[in-house]
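So the structure is just underneath, and the comments pick up after that.
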Amino acid sequence: DGCGHTVLGPESGTLASINYPQTSPNSTVCEWEIRVKPGQRVQLKFGDFDIDDSDSCHSSYLRVHNGIGPTRTEIGKYCGFGFQMDGLIKSRSNEVTVQFMSGTHTAGRGFLASYSTTDKSDLITCLDNASHFSEPEFNKYCPAGCVIPFADISGTIPHGYRDSSSLCMAGVHAGVVSNTLGGQINVVISKGIPYYEGSLANNVTSKVGPLSTSLFTFKTSGCYGTLGVESGVIPDSQITASSILEWSDQAGQVNIWKPENARLKRPGPPWAAFISDEHQWLQIDLNKEKRITGIITTGSTLPEYYYYVSAYRILYSDDAQKWTVYREPGIDKDKVFQGNTECYQEVRNNFIPPIIARFFRINPLKWHQKIAMKVELLGCQFSIGRAPKITMPPPPQNNNDNKNNDFSDDFIHSVKTSLQTDKTTFTPEIKNTTVTPSVTKDVALAAVLVPVLVMVFTTLILILVCAWHWRNRKKKTEGTYDLPYWDRAGWWKGMKQFLPTKSAEHEETPVRYSSSEISRLRPREVPTMLQTESAEYAQPLVGGVVGTLHQRSTFKPEEGKEASYADLDPYNSPIQEVYHAYAEPLPITGPEYATPIIMDMSSHPSTPLGVSSISTFKAAGSQAPPLAGAYNKLLSRTDSSSSAQALYDTPKGQPGPGAADELVYQVPQSVPHSTGSKDE
């Protein structure tokens with residue numbers, strides 16, 4: 001009387017003490033005899049163990065024996081609160097006896113254990129959940145009997161199950177393993193969702209669950225698509241029934257609940273039987289053999305007619321003449337499926353192993369008020385190709401005719417069975433889905449997407465190349481002298497690349513300014529000088545201010561820090577002679593720059609030119625600075641004795657050309673001024 005939850009399958013099972021997980025009662029005992037196929041051995045794994053050990057395993061204990069009956073031998077005797085048993089207990093034969101003894105005690109939950117054959121090395125128990133494993137994807141073997149009343153699951157397919165759910169119980173709910181047989185599960189862990197739906201499937205109720213950090217789903221064969229009842233692929237003529245409910249309402253309108261109304265999610269009334277008994281049925285012709293993996297049912301979906309089927313059987317046939325009732329492997333009785341508990345909710349049941357048939361029949365066994373339902377079948381195509389033609393030699397005419405006939409029937413039956421069970425095409429493993437994978441569609445989709453992606457990438461590359469060439473071409477088309485944005489501070493750095501480079505053999509000597517001339521200019525007078533009327537030749541920038549240059553300028557500012565009025569005047573330094581590169585002689589090879597006017601004064605009177613201007617060229621003393629090319633010739637002529645007067649006039653306020661200390665040249669101006677020395 002100490003046996004609790006127990007399911008003993010042919011290859012695996014689950015057993016627990018009475019009243020688990022509550023405290024087991026006193027003075028109870030239970031023995032389980034486990035047998036597997038000959039040649040195999042049994043392994044035992046404990047999911048929970050909590051047995052009183054106050055008397056050193058004398059009255060309360062769990063004992064495991066190798067073998068059954070009087071000849072059995074003890075493997076081990078165990079007790080203890082929260083006892084952690086690492087590893088598996090393995091037998092030496094295909095038979096094991098498990099004995100639980102509960103004496104007088106006040107605490108102790110008892111135990112829960114699972115078993116399987118020793119070839120299932122990844123055996124887990126019904127209490128294991130996804131949080132017990134750290135791998136993102138793993139394979140485990142679930143034992144039979146994991147639909148237990150004290151375990152909970154939250155979620156459904158295809159959205160996933162909460163990580164706190166029992167792996168094996170969720171596998172039964174999803175339809176990937178059988179509660180009677182157990183089986184292998186392929187689990188995938190992913191990020192959790194805020195809300196988990198509840199549903200009823202395979203006699204397991206999934207509850208609504210809150211947010212969790214992770215969830216898990218199962219990889220399956222992918223054979224869970226709809227077979228066309230709801231969509232209308234199966235025509236009305238292929239849906240028949242044993243009887244049809246026909247009646248008139250109070251308004252005198254005739255209502256006929258035909259078999260073709262039994263399409264899931266189709267609005268309106270369902271199919272209903274005229275007589276509610278266990279001999280009614282709803283039949284669906286799939287037109288050819290299909291692999292049927294599940295069924296979804298609802299009730300009437302009409303609140304005023306609260307009809308539904310709560311239990312049913314499944315029959316199938318190849319010719320609609322000989323019918324086979326669905327049974328689970330190793331079970332000698334018909335499988336009774338749990339149906340609906342109300343008329344709205346969709347309830348799913350899976351067939352493990354799947355049914356391969358053309359004709360499918362539902363036989364209601366229990367119902368509420370009347371037999372009424374809507375259905376949809378799940379599965380995929382089953383194509384075995386053309387069956388090979390079997391040729392048998394004529395049997396010999398002797399007394400062994402009956403034996404030969406039996407052999408021929410067995411051979412044909414085995415060939416037919418092998419053709420039905422072997423698949424000609426491989427179905428890829430995909431994440432839990434309700435759509436049948438199609439290799440043809442995938443190939444066609446790839447054939448369209450690949451050229452489109454190639455064209456898109458090629459277009460992007462061409463656009464980038466064109467944009468790069470256009471940018472370089474735009475830079476090249478900007479004029480050498482017509483540069484945009486002259487008023488920006490960094491204009492000189494952009495202009496340097498267009499100026500002609502100096503050669504070593506034609507290097508010009510910078511023009512020197514005397515300190516006496518510069519000292520007469522005050523910093524405040526510089527803006528006035530810069531604002532005077534433009535001369536035919538550009539004037540030097542005195543005072544360190546870089547102004548806006550006009551076209552055909554012959555001056556460049558010093559590179560480096562820009563000067564301002566606040567800077568010290570470099571010309572006032574009595575010690576170091578400052579060289580400035582403001583007004584440089586123009587090279588001979590640059591005709592596009594303004595050149596000074598060379599006048600031959602040999603045939604003119606040596607009277608001074610009456611032009612007053614600001615000096616731009618100066619030679620200290622009687623020695624002119626050495627210049628290149630034609631400019632050396634010009635200065636040598638100016639210093640010769642044959643020319644009594646200077647080629648250019650003297651600046652304002654300076655002695656005449658006869659002064660011995662310095663000789664100053666002036667640029668001719670476009671507007672004449674008086675020769676007086678009056679300050680402006």
Side-chain angles (χ1 to χ4, degrees), residues 130 133-140 155-161 163 171 174-176 184-194 196-197 213-234 264-265 286-294 296 348 350 354 356 376-387 419-474:
F133 306 95
S134 58
E135 299 91 344
E137 183 175 344
F138 53 87
N139 294 309
K140 297 296 176 182
T156 185
I157 55 172
H159 306 295
Y161 296 89
D163 55 1
V176 295
Q184 202 78 24
I185 58 173
N186 190 346
V187 182
V188 179
I189 307 295
S190 57
K191 187 178 179 181
I193 57 178
Y196 295 89
E197 299 179 355
T213 57
S214 63
L215 60 82
F216 64 90
T217 54
F218 301 96
K219 281 189 175 181
T220 67
S221 62
C223 188
Y224 293 94
T226 58
L227 294 182
V229 179
E230 175 189 343
S231 62
V233 173
I234 298 176
L264 192 70
K265 298 180 181 179
L286 299 174
N287 198 36
K288 63 180 180 178
E289 283 188 346
K290 299 289 181 67
R291 184 182 297 272
I292 309 169
T293 59
I296 303 175
R348 174 174 46 83
N350 292 96
I356 299 175
E376 176 61 285
L377 298 182
L378 305 177
C380 58
Q381 301 291 333
F382 177 73
S383 177
I384 61 173
R386 184 182 298 275
L419 290 174
Q420 289 180 344
T421 55
D422 294 339
K423 296 173 62 176
T424 57
T425 58
F426 174 76
T427 304
E429 285 192 357
I430 59 175
K431 195 174 179 179
N432 215 344
T433 178
T434 57
V435 180
T436 304
S438 176
V439 178
T440 304
K441 292 182 179 179
D442 293 342
V443 173
L445 183 61
V448 174
L449 286 180
V450 170
V452 171
L453 291 176
V454 171
M455 292 178 63
V456 170
F457 282 115
T458 305
T459 304
L460 289 176
I461 293 173
L462 290 176
I463 291 174
L464 291 176
V465 171
C466 293
W468 182 75
H469 280 289
W470 177 82
R471 182 173 176 270
N472 291 344
R473 185 175 180 181
K474 182 178 180 181

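Since the structure is predicted, the reported quantities are computational estimates derived from the model, not experimental observations.
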Inset, instruction - Kindly give the heavy-atom pair with the smallest separation between C223 and G379, and that separation in Å. - result: SG-C, 3.5 Å
Inset, instruction - Using a 4.5 Å cut-off on heavy atoms from C-beta on, say whether the side chain of I292 contacts that of L286. - result: yes
Legend entry - Residue pair L264 / I296: nearest heavy atoms and the distance that separates them: CD2-CG2, 3.8 Å
Legend entry - From L378 atom CG to L227 atom CG, the distance as rounded to the nearest 0.5 Å: 7.0 Å
Inset, instruction - With sequence neighbours left out, write down each residue that passes side chain to side chain contact (heavy atoms under 4.5 Å, CB included) with T459, or none if nothing qualifies. - result: I463
Inset, instruction - Give the minimum heavy-atom separation between P354 and T293, together with the two atoms involved. - result: CB-CG2, 3.9 Å
Legend entry - Those residues that, when tested against Q184, pass side-chain hydrogen bond (donor to acceptor under 3.5 Å, both in side chains) (two or more places apart): D122
Inset, instruction - Could you tell me whether a side-chain N or O of T226 sits under 3.5 Å from a main-chain N or O of G228, the two making a donor and an acceptor? - result: no
Inset, instruction - Only counting residues at least two apart or in another chain, list the ones meeting side-chain hydrogen bond (donor to acceptor under 3.5 Å, both in side chains) with S231. - result: none
Legend entry - side chain to side chain contact (heavy atoms under 4.5 Å, CB included) partner of F138, chosen from N186, I185, I189: I189
Legend entry - Residue list, side chain to side chain contact (heavy atoms under 4.5 Å, CB included) with K191, at least two apart or on another chain: none
Inset, instruction - Determine whether Y196 and L215 make a side-chain contact, defined as any pair of heavy atoms from C-beta on separated by less than 4.5 Å. - result: yes
Inset, instruction - Check side chain to side chain contact (heavy atoms under 4.5 Å, CB included) between N350 and all other residues, then give those that pass, not counting sequence neighbours. - result: N202, Y224, R348
Legend entry - Distance-minimising heavy-atom pair for G160 and T217: CA-CG2, 3.5 Å
Inset, instruction - With sequence neighbours left out, write down each residue that passes ring-ring contact (aromatic ring centres under 6.0 Å, His included) with F216, or none if nothing qualifies. - result: Y161, F218
Legend entry - Distance (rounded to the nearest 0.5 Å) between L453 CG and T458 OG1: 10.5 Å
Legend entry - Closest heavy-atom pair and its distance - K290, F382: C-CB, 3.9 Å
Inset, instruction - Please identify each residue that fulfils salt bridge (Lys or Arg N to Asp or Glu O under 4.0 Å) with E137, with sequence neighbours left out. - result: K219
Legend entry - Side-chain (E230) to main-chain (E376) donor-acceptor, under 3.5 angstrom: no
